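For reference, the structure is listed below as structure tokens.
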Number of protein chains: 2
Amino acid sequence: MNSSASSGPAPLSRRQEYRQATIEEIKGLARCQLAEHGPGALSLRAIARDMRMASSALYRYFASYDDLITALCVDAYNSVADALTQARDARPADDHAGRWWAICHAHRRWALDNPADFALIFGTPVPGYQAPARVTGPAAGRLAAALFDVYAAAAHARAARPDRTQVPEKLEVGELLTELLPEAGAHHPPRLAGIAATAWASVLGYLVAEIFGSLTRLIPDTDQLYDAHLRTVMLGMGFDPDLIQAAGRDEA
Amino acid sequence: MNSSASSGPAPLSRRQEYRQATIEEIKGLARCQLAEHGPGALSLRAIARDMRMASSALYRYFASYDDLITALCVDAYNSVADALTQARDARPADDHAGRWWAICHAHRRWALDNPADFALIFGTPVPGYQAPARVTGPAAGRLAAALFDVYAAAAHARAARPDRTQVPEKLEVGELLTELLPEAGAHHPPRLAGIAATAWASVLGYLVAEIFGSLTRLIPDTDQLYDAHLRTVMLGMGFDPDLIQAAGRDEA
DNA sequence: CCCAAATAGTGAGCGCTGCTCACAAAGAGA
DNA sequence: TCTCTTTGTGAGCAGCGCTCACTATTTGGG
């Protein structure tokens, strides 16, 4: 472990290389199954059959069903976090409203393109499964940090005015906040976290309604509705109305 | 069927009475299992064991696993719809903001009190399960209608101003709207449905974050945060700010 | 009252699942 | 070459949803 990770490029031995490839193949087939047959419909034996292996061989790579799910969750968190940070960085650092807008659109794009992964991390977990926080935490933290940082920067630059929101100034600080964002939590009031969290919940709720629910059958033009929803949410976050309009116009 | 339902009080025969009781017992044990061991963790054989019956006997009452889930879903929809309409009717008909406020608080109360049912209908469905719309539809429609009616009444009384929202006036009408609310959809513009739907999505997202996610560990005082969230959402719906404040104050 | 029809419950069994374990190849390092 | 670690095998266990032939039990009409 230590010896392989110590020297930079980590020269994987031939065996480790094969092992890694096998792990990726398993995860790929698992994702395939979830996408095809719905959430929770994942059979280790079916994966083994696809790979023409004995089912017991899979346990050399994942100690259990739950371990596989956990790995898929971590991948999904990283995938969405990548998509969001990439969308954020495509906009100039001082275009705060544009960055939030871009992040939220990237989130929806990712969710529509990867409904199975979306279900995995934002829906009810699989049967008796509970994601182990110590493994999922860091990956989920990247996501939270990306959202929070953008809003904190916007507030700092006065592109958004937290004092014009409905979220009270004094708010108890949660353990997760001080844990995930130790430095940010220190010099940013928890109010910002409250605003970002509730706003993100609104966005998430829309996506849940669109992907799991029957929102599309209620209002077919979900693109237009999402833009409106996002403008509403951003107004609620205290973003400058003019900046919101500009963010919507400048969409690449 | 027809003969038993035709004459008012429907004098159930002794057998039908027992049968109904057994069905309720099965559903009760099923709910217990879901609440205890998490969503999707439902075993027909375990239920049969609890009832000291052969597992095959259960199939006299529910044709399949999915049928049981469907029945639980319908019950859950009716349960939440009851809670919401009851909360609504506890407020005077002309207190539109208060009614929306009450409905949303009842929704949260219900979700916190019945997390298993909440997961059943608002989370990712069980493994390969897809709720048959023709069975779930009516029950879900009651919920949708309750929300929509309150907002439509508020808009009609000008307690809320749809024209001050971000949702565009012209919006395509979905099949579900004309189907579930044939009369309402006719003389109410789809814009109202769009506003109500996105607002409800925001509320739902908050509840998902609080119940499935780790919102509580981020901001411990979720009561206060929910009130703020709700005020934000209602502002976004075009509710009169003064009425929103009043709704929050008058909480019974 | 009795007998046929409908209903409720049984137990064996099929094919599937996740998972374990003793064992056999195959590769890596001395 | 010999040894130790890693991969893969196949049988098997207990559990699952579900089916089917069969047996009690209850019901209602002749």
Side-chain angles (χ1 to χ4, degrees), chain A residues 1-4 10-27 29-30 33-34 36-72 125-130, chain B residues 1-4 7 10-27 29-30 33-34 36-72 125-130 132:
Chain A
M1 265 280 177
N2 283 338
S3 63
S4 75
L12 286 178
S13 77
R14 184 142 194 87
R15 224 176 198 169
Q16 286 172 315
E17 204 176 306
Y18 270 119
R19 182 177 179 80
Q20 207 54 42
T22 309
I23 287 181
E24 287 307 318
E25 187 179 354
I26 294 173
K27 290 198 290 192
L29 288 172
Q33 270 193 41
L34 284 183
E36 275 188 28
H37 306 98
L42 206 170
S43 159
L44 294 187
R45 285 180 117 112
I47 295 176
R49 272 195 300 273
D50 280 2
M51 301 178 70
R52 278 155 309 167
M53 277 174 48
S55 64
S56 50
L58 284 189
Y59 291 83
R60 301 281 176 206
Y61 301 92
F62 294 96
S64 74
Y65 183 96
D66 282 15
D67 273 40
L68 213 198
I69 300 274
T70 301
L72 293 178
V126 195
Y129 175 74
Q130 166 101 333
Chain B
M1 267 282 179
N2 283 338
S3 63
S4 75
S7 60
L12 285 179
S13 77
R14 184 139 195 90
R15 218 175 201 167
Q16 287 172 311
E17 205 176 302
Y18 271 117
R19 184 179 177 78
Q20 207 54 42
T22 308
I23 287 181
E24 288 306 318
E25 186 179 352
I26 293 173
K27 289 198 291 189
L29 288 172
Q33 270 193 41
L34 285 183
E36 276 189 26
H37 305 99
L42 206 170
S43 159
L44 294 188
R45 288 181 116 111
I47 294 176
R49 272 194 300 272
D50 280 2
M51 300 178 72
R52 279 155 308 170
M53 278 175 46
S55 65
S56 51
L58 284 188
Y59 291 84
R60 300 280 176 206
Y61 301 93
F62 293 95
S64 71
Y65 182 96
D66 281 15
D67 273 39
L68 214 199
I69 299 274
T70 301
L72 293 177
V126 197
Y129 176 73
Q130 167 102 333

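What you see is a predicted model, and the numbers here were worked out from it, not measured in a lab. We name chains A, B, ... by the order of the sequence lines, and we start the count at 1 in each one.
Along DNA chain C, the nucleotide closest to Ala46(A) and the one closest to Ala63(A) are compared, and the more 5′ of them pairs with Ala46(A). When each of Met53(A) and Arg45(A) is assigned the nucleotide of DNA chain D bearing its nearest heavy atom, the one mapping closer to the 5' terminus is Met53(A). Nearest-nucleotide assignment on DNA chain D puts the 5′-proximal partner with Ser43(B), out of Ser43(B) and Ser56(B).
To the nearest angstrom, C1' of dC18(D) lies 11 Å from CG of Leu58(B). At whole-Å resolution of the value, CD1 in Ile23(A) and P in dG8(D) are 11 Å apart. With rounding to whole Å, Ile47(B) atom CD1 is found 13 Å from dC16(D) atom C1'. His37(A) has its NE2 atom 14 Å from the C1' atom of dC16(C), to the nearest Å. Distance Gln16(B) CD to dA8(C) C1': 14 Å, rounded to the nearest Å. Protein atom CG of Leu42(B) is 15 Å distant from nucleotide atom C1' of dC18(D), rounded to whole Å. dA25(C) atom C1' lies 16 Å from atom OH of Tyr18(A), rounded to whole Å. Regarding Met51(A), its CE atom lies at a distance of 8 Å from the P atom of dG8(D), rounded to whole Å.
With values rounded to the nearest 0.5 angstrom, Gln33(B) atom CD is found 6.5 Å from Asp50(B) atom CG. Interatomic distance, Glu17(A) CD to Gln20(A) CD, rounded to the nearest 0.5 Å: 9.5 Å.
The shortest heavy-atom contact between Ala48(A) and Ser55(A) is CB-CA, 3.5 Å.
Side-chain proximity of Ser64(A) to the nucleotides dC19(C), dT17(C), dC18(D) is greatest for dC19(C). In this structure, the nucleotide among dG8(D), dG18(C), dT17(C) sitting nearest to the side chain of Leu44(A) is dG18(C). The nucleotide whose nearest atom lies closest to any side-chain atom of Tyr59(B) is, among dC19(C), dT10(C), dT19(D), dT19(D). Of the candidate nucleotides dG11(C), dG8(D), dG18(C), dG11(C) has the atom nearest to the side chain of Ala54(B).
Taking only distance into account, the side chain of Arg60(A) meets the base of dG8(D) through a donor-acceptor pair shorter than 3.5 Å.
Residue Tyr61(B) is classed as a sugar-phosphate contact, given heavy-atom separations below 4.0 Å to backbone atoms only.
Residue Arg19(A) places none of its side-chain N or O atoms closer than 4.0 Å to OP1 or OP2 of dT6(D).
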